[in-house]
S.K.: 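Quick one: this structure, given as structure tokens, is what I'll be asking you about.
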Amino acid sequence: TGSRRICAVRICDKNNYNLLLINVYCPYECDDVKFNEFCSLLSIVSNIIEQNADCHCIVGGDFNVDFSRNWSHTTLLNSFCDDNNLCPAVRHPLNSVDYTYNFSMTRFQILDHFLLSGVLFDTAVKNVHVLHSVDNTSDHDPLLLDLSIDLERVAHTAKVTVDRIAWYKADSSHLENYRSMLIDALNAVNLPPDALLCRDVLCCIMWSM
């Protein structure tokens, strides 16, 4: 995959049923460096999915994202799921996960996830649960996903692709050109003097570019 944080396996059978399994380990949200790394990681995963468009996909691992938390990485991951037709297993009706991570048994969150392609989410999920064991010395508990795949029901449909920027391929010159383009675009915005001089915090001046 070109990343130490991502590994992927493509499984095919004689019935021409293809399954793509991607495992990820995402950085924790704390600064701009981690934000950029998170964006790059999701871009790589999107590229892998696009290169295997004939596969049903499962992305699993430690995302360091709690969907109930209104953070930047959460917004990015939700957008990533929408763009790639992936559904978080934590939202499935058969999900019974209470938490997958604990901090000194005082703070509990669901940071580990399975993201399933829409057909698998709708037709194949039997159970989504977590294993809490005293023998586990990690602060993350294993997340378990049970699937029942009926090859006659889970049929492949043509994937609709949407062109988007592959940020992980961008070098420093690409990023600098992008910054310059944004600055030029912002400088071209014509703000009316009334909006710039207004001191009313409840003001709703209507204007158009």
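In this text, all values refer to a predicted model and were calculated from it rather than measured experimentally. Numbering starts at 1 and runs along the sequence shown.
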S.K.: Give the minimum heavy-atom separation between N23 and G61, together with the two atoms involved.
M.R.: ND2-CA, 3.9 Å
S.K.: Under a 3.5 Å cutoff, is there a donor and acceptor pairing between the side chains of S138 and N136?
M.R.: no
S.K.: How long is the straight-line distance from CG of L144 back to NE2 of H129, given to the nearest 0.5 Å?
M.R.: 4.0 Å
S.K.: Do V9 and L120 land in one hydrophobic cluster if side-chain heavy atoms of ILVMFWY residues count as linked below 4.5 Å?
M.R.: yes
S.K.: Please say yes or no: joined through hydrophobic side-chain contacts below 4.5 Å, possibly via intermediate residues, are F80 and W71 part of one cluster?
M.R.: no
S.K.: For a quick test of your reading: what N or O donor-acceptor pairs under 3.5 Å do the side chains of residues 101-110 make, sequence neighbours left out?
M.R.:
{"from": "N102", "atom 1": "OD1", "to": "M105", "atom 2": "N", "distance (Å)": "3.0"}
{"from": "T106", "atom 1": "OG1", "to": "F103", "atom 2": "O", "distance (Å)": "2.7"}

S.K.: How about F63 and L77: do any of their side-chain heavy atoms sit closer than 4.5 Å?
M.R.: yes
S.K.: Do T1 side-chain atoms and I44 backbone N/O form a donor-acceptor pair below 3.5 Å?
M.R.: no
S.K.: Using the rule that Ile, Leu, Val, Met, Phe, Trp and Tyr join whenever any side-chain heavy atoms are under 4.5 Å apart, tell me whether F67 and L42 fall into a single cluster.
M.R.: yes
S.K.: Could you give all pairs that pass the salt bridge (Lys or Arg N to Asp or Glu O under 4.0 Å) test and reach residues 24-46, with sequence neighbours left out?
M.R.: R5-E37, K34-E37
S.K.: Look at the side-chain heavy atoms of Ile, Leu, Val, Met, Phe, Trp and Tyr, link any pair under 4.5 Å apart, and say whether I49 and I11 land in one connected group.
M.R.: yes
S.K.: What is the distance from atom CG of N84 to atom SG of C57, rounded to the nearest 0.5 Å?
M.R.: 8.0 Å
S.K.: Does S148 reach the main-chain N or O of K126 with its side chain, forming a donor-acceptor pair under 3.5 Å?
M.R.: no
S.K.: Between the side chains of N52 and N18, does any donor sit under 3.5 Å from an acceptor?
M.R.: no
S.K.: Return the SG to CD1 distance between C55 and I22, rounded to the nearest 0.5 Å.
M.R.: 9.0 Å
S.K.: How is the hydrophobic cluster of I183 composed, in terms of its other members, when Ile, Leu, Val, Met, Phe, Trp and Tyr link through side-chain heavy atoms under 4.5 Å apart, directly or indirectly?
M.R.: none
S.K.: Side chains of H113 and D62: do they bring a donor and an acceptor to under 3.5 Å?
M.R.: no
S.K.: Should I149 and L86 be counted in the same cluster of Ile, Leu, Val, Met, Phe, Trp and Tyr side chains packed under 4.5 Å apart?
M.R.: yes
S.K.: Are side-chain N/O atoms of N95 and H92 paired as donor and acceptor at under 3.5 Å?
M.R.: no
S.K.: Atom CG in L115, atom SG in C81: separation rounded to 0.5 Å?
M.R.: 4.5 Å
S.K.: Just by modelled atom types, is the V119 backbone N or O under 3.5 Å from a matching donor or acceptor in the S117 side chain?
M.R.: no
S.K.: Given the rule in the side-chain hydrogen bond (donor to acceptor under 3.5 Å, both in side chains) test, do H140 and D112 qualify, once you have shown the distances and angles that lead to the verdict?
M.R.: CA-CA 8 Å; H140 287 259; D112 308 271; 2.9 Å; yes
S.K.: So how far is it from L111 CG to C26 SG, rounded to the nearest 0.5 Å?
M.R.: 10.5 Å
S.K.: Would L182 and D184 satisfy side-chain contact (heavy atoms from CB on, under 4.5 Å), going step by step from the backbone distance to the final call?
M.R.: CA-CA 5 Å; L182 289 180; D184 291 340; over 6 Å; no
S.K.: What orientation do H73 and F35 show, parallel under 30°, tilted 30 to 60°, or perpendicular over 60°?
M.R.: tilted
S.K.: Within a 6.0 Å radius of atom CG on N70, are there more than 12 heavy atoms belonging to other residues, nucleotides or ligands?
M.R.: no
S.K.: Do the side chain of S180 and the main chain of E176 share a donor and acceptor less than 3.5 angstrom apart?
M.R.: yes
S.K.: Can a donor-acceptor pair be found between the side chains of T100 and D141 at a distance below 3.5 Å?
M.R.: no
S.K.: Output yes when a side-chain donor or acceptor of N127 lies under 3.5 Å from a complementary backbone atom of D146, and no otherwise.
M.R.: no
S.K.: I'd like to know if the side chain of S43 and the backbone of C39 have a donor-acceptor N/O pair within less than 3.5 Å.
M.R.: no
S.K.: Could you tell me the separation between the SG atom of C7 and the OH atom of Y25, rounded to the nearest 0.5 Å?
M.R.: 14.0 Å
